[in-house]
Number of protein chains: 2
Amino acid sequence: MDTEDSDIRMRLRRAGLRPTRQRLGLARLLFAGPDRHVRAEELSREAREAGVRVSLATVYNTLHQFVDAGLLRRVDVEPGRACFDTNLSRHHHFYDTGTNELIDFDAEDVGITGLPEAPGGKTVERIDLVVRIR
Amino acid sequence: MDTEDSDIRMRLRRAGLRPTRQRLGLARLLFAGPDRHVRAEELSREAREAGVRVSLATVYNTLHQFVDAGLLRRVDVEPGRACFDTNLSRHHHFYDTGTNELIDFDAEDVGITGLPEAPGGKTVERIDLVVRIR
DNA sequence: TCAACAATTTAGACCGATTCTAGGTTCGGA
DNA sequence: TCCGAACCTAGAATCGGTCTAAATTGTTGA
């Protein structure tokens, strides 16, 4: 898409990131289509298959820059490897401990009561709910 | 402690684990004193300092065996490394994203409503709540 | 008690995921 | 067009963790 493309360019610009060939190629893979969870190695393979020439190091760099820019969210549930989530809305996760699959669910309907104050006068940044299923 | 020691011996026995010098030494480090969070590398260092001769491989093996035996719980919040928790009661965690520190809080007072059904007819194994603070 | 055998431990090799390094490339403004 | 900063890259290095094969140690039954 052309509108999508210039949208991405603008979001990168706003984050102080030059819209390079590599970043645009990866962004297209990430943001075309529905929300998804992806790992670096996997995205690297997809890029290769789609003819986007980009090194693995750049895939890692780009994913982290996108997280810092608020284009992606990082999810830590699996031990020893990072997962990146294109869904930026308030949501939580089911985590299937058998298949290692992550499934989003909307946070709007979820209510959490009885949380204690954050210790040491710290500020709550985010609340992550992981429902482990089997 | 002597009573503590024979208690640990018994719990290991019940789990089908021989109470070896290494396992007893690590168990003493883990379970003497208040509840704690610990990583393998750290426990290995503590053992060395306490004069408990045990290889890093055995520390890893033992931690996993203790988790399987229900003596420890594994916590996954930090990317790329496992943390083990001696607190077996129902509780959740504050996670200080600045210091990487984990702080327990009781789950008894916490209420969670509006959770969707587990997808695919799966069973809910556990619900982990991580309050990220800064 | 002790032989015998399974469980355990170990050093060190190995692994996958990720980061680092150093040098070459490209972008964008003057 | 030229320059400097931002960027990309291959390959080395690192990190947490696992595996392997051989030595050691518990346990058990005679």
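Every chain is numbered from 1, with letters handed out A, B, ... down the list of sequences. Treat the numbers as computed from the prediction; the structure is a model and nothing was measured.
- Scanning for salt bridge (charged side-chain N to carboxylate O under 4.0 Å, His left out) contacts around B/R39 gives an empty result, with sequence neighbours left out.
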Side-chain polar contacts of residues 64-72 of chain A - donor-acceptor pairs under 3.5 angstrom, sequence neighbours left out - could you list them?
{"residue": "A/H64", "atom": "ND1", "partner": "A/Y60", "partner atom": "O", "Å": "3.4"}
{"residue": "A/Q65", "atom": "OE1", "partner": "A/R23", "partner atom": "NH1", "Å": "2.9"}

Show the distances under 3.5 angstrom between N or O atoms of the protein and N or O atoms of nucleotides 13-15 of chain C.
none

- Would A/L30 and A/L43 count as a side-chain contact (heavy atoms from CB on, under 4.5 Å) if you check the C-alpha gap in whole Å, the side-chain angles of each, and the deciding distance to 0.1 Å? CA-CA 8 Å; A/L30 287 169; A/L43 184 60; 4.1 Å; yes

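- In this structure, the CZ atom of B/F66 is 11 Å from the P atom of C/dT8, given to the nearest Å.
- Taking only side-chain nitrogens and oxygens, B/Q22 never comes nearer than 4.0 Å to OP1 or OP2 of D/dT24.
- The hydrophobic cluster around A/L102 extends to A/V75, A/V77, A/Y95, A/V130, counting ILVMFWY residues whose side-chain heavy atoms fall within less than 4.5 Å of a member.
- The bend of the helix from C/dT1-D/dA30 to C/dA30-D/dT1, defined by the angle between the axes of its first five and last five pairs, stands at 20° to the nearest 10°.
- Remark: B/R53 is not in phosphate contact with C/dT10, judged by side-chain N or O atoms under 4.0 Å from OP1 or OP2.
- Summarising the geometry, atom CD1 belonging to B/I8 is positioned 11.0 Å from atom CG belonging to B/L17; distances are rounded to the nearest 0.5 Å.
- By the side chain to side chain donor-acceptor pair (under 3.5 Å) test, A/R126 pairs with A/D128, sequence neighbours left out.
- A/H93 pairs by the ring pair (Phe, Tyr, Trp, His ring centres under 6.0 Å) definition with A/H37, A/H91, not counting sequence neighbours.
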In B/S/- notation (B base, S sugar-phosphate only, - none; protein heavy atoms under 4.0 Å), nucleotides 22-30 of chain C written 5' to 3' is ----BBS--

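- The CG-P distance, from A/D68 to D/dA6, rounds to 16 Å in whole Å.
- For the pair B/R45 and B/E49, the salt-bridge criterion is met [side-chain N within less than 4.0 Å of a carboxylate O].
- For A/L17, whose side chain is taken as the heavy atoms from C-beta onward, the closest listed nucleotide among C/dT8, D/dC7, C/dT10 is D/dC7.
- Distance, A/L12 CG to D/dA6 C1': 14 Å, rounded to whole Å.
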Going 5' to 3' through nucleotides 14-23 of chain D and flagging B where a protein heavy-atom sits under 4.0 Å of the base, S where only the sugar-phosphate is that close, and - otherwise, we get --SBBB----

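- One finds the CG atom of A/N87 at 4.5 Å from the CG atom of A/D104 (value rounded to the nearest 0.5 Å).
- Annotation: side chain to side chain donor-acceptor pair (under 3.5 Å) contacts of A/E46 (sequence neighbours excluded): A/R36.
- Between B/T58 and C/dT9 there is no side-chain N or O to OP1 or OP2 distance below 4.0 Å.
- For residues 107-117 of chain A, the pairs satisfying salt bridge (charged side-chain N to carboxylate O under 4.0 Å, His left out) are A/R90-A/E108, with sequence neighbours left out.
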Inset, instruction - Could you check B/R81 against B/E41 for side-chain contact (heavy atoms from CB on, under 4.5 Å), going step by step and ending with a plain yes or no? - result: CA-CA 10 Å; B/R81 54 191 189 169; B/E41 206 67 56; over 6 Å; no

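- Taking a 4.5 Å side-chain heavy-atom cut-off between Ile, Leu, Val, Met, Phe, Trp and Tyr, the cluster of B/F94 extends to A/F94, A/I103, A/F105, A/V110, A/I112, A/L115, A/V124, A/I127, A/L129, A/V131, A/I133, B/I103, B/F105, B/V110, B/I112, B/L115, B/V124, B/I127, B/L129, B/V131, B/I133.
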